[in-house]
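In each ligand, atom 1 is the first atom listed, and ligand 1 is the first ligand listed.
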Amino acid sequence: MTRNIDDLKNDYKKIFSDSTDYEVYYSPGRVNLIGEHIDYNGGLVFPAAISIGTYGVVGKRSDQQFYFYSANYPDEGLIKIDLDDLTYKKEHGWANYAKGILYELKQRGYHLPYGFNLFVEGNLPTASGLSSSASLEVLVSYIANELYDLNMTRTDMALLSQSVENGYMGMHCGIMDQLIIANGIKDHALLMDTSTLQMTPSKATFDGYTLIIMNTNYKRKTTDSKYNERVSECSQALKIIQKSYDITYLCELKTNDLDAIEKLLKDPILYRRVRHTITEQQRTLDAMDAMKAQDALLFGKLLDESHASLKNDYEVTGLHLDTLVLAAKNAGAVGARVTGAGFGGCAIALVLNDQVNRVKDEVYQMYLDKTGIEPAFYIVTFTDGVNKIKHD
Ligand code: GLA
């Protein structure tokens, strides 16, 4: 799945006929193993950076213009942006994520003395829950940091990217995606404490098992608004709970607080949202123990329980994801669940190595029969975070 660097450079040259030096960068996507929808509640999450992501070829310009081109959106052509007008424009489509980074940098008082040409090509399916937008944001943050010597840490880049998503793009996401894409470590997942931004690398594979990413290929347009609705339900619940509990984040609560919380909240929907949050936090802790003990069956059971909670209490799955996960379970996966925001997008399944092909075939057929859509499957490796690709 890795792109050939010479091909990328040639593609850049076809679009930008400049003769300046240019550099190639790779920014991964991410998969979250467990700890879903709790990164905006101060929870523990367990994502990994993956070997599908976004490539960027960059050449400096001598003026204050930014020319952006995406091989994934050729119809949108070359998007030309002036440093003096970095405001969001609907017609700039995908390029708003890149523009937003420049906008935020300027807002923060950073000096951007010249522009650049950027050729982007991603092999992450868009809107699939594997963080194609965060991958692009962190890519552009990293490029700007290098070009303009901004001295940002990788975590600074993640926070900058999250602020673009939250403010400029209006998606009130947590920090998980940007943080793992900036800080990923090859062959590891990172246990992230989203209340402190502390990260602990952990081996994240089970001997004899493969993690399959399964794409529903179903895209719901309301993902962002539904996502924001969940964020706001959690903050509503937090405000009520804070009248009786001295907490900053919902994830400070424990499962044995649940009965008291139910009485406090009164509203059954808010209660179910909080129940997911608290139980998911506990499942993430249990999953870490299962990982340490190399207990794939227990880890799989926790994946199943996570999916059930996201389906019943948090209500972010839907027919397509539920069908895919059920198909994987019926085909013999030891555990399966949605990954990412949900409402469509991808799920993961943990499967014995010698059953991978059979499980894929069976899931393909079961899902197609039920939904009329062909699913896609990816087997990835865990990679480092965003980086410049060394080349001659
Ligand atoms: C999206 C958001 C993340 C996180 C996940 C759900 O990917 O960008 O911050 O909330 O959904 O876990």
Would you say the ring centroid of Y22 lies under 6.0 angstrom from that of Y12?
yes
Within-4.5 Å side-chain heavy-atom neighbours: M192 and I180
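Side-chain contact under 4.5 Å: yes.
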By the salt bridge (Lys or Arg N to Asp or Glu O under 4.0 Å) test, which pairs, at least two apart or in different chains, include something from residues 177-191?
R30-D177
Can you say whether the rings of [X] and [Y] are parallel (under 30°), tilted (30 to 60°) or perpendicular (over 60°)?
X: Y40; Y: Y227; result: perpendicular
X: F16; Y: Y67; result: tilted
X: Y55; Y: Y26; result: tilted

How would you list, by chain and number, the residues with a heavy atom under 4.0 angstrom from ligand 1?
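Residues within 4.0 Å of ligand 1: R30, E36, H37, D39, Y40, C173, G174, M176, D177, Y227, G340, A341.
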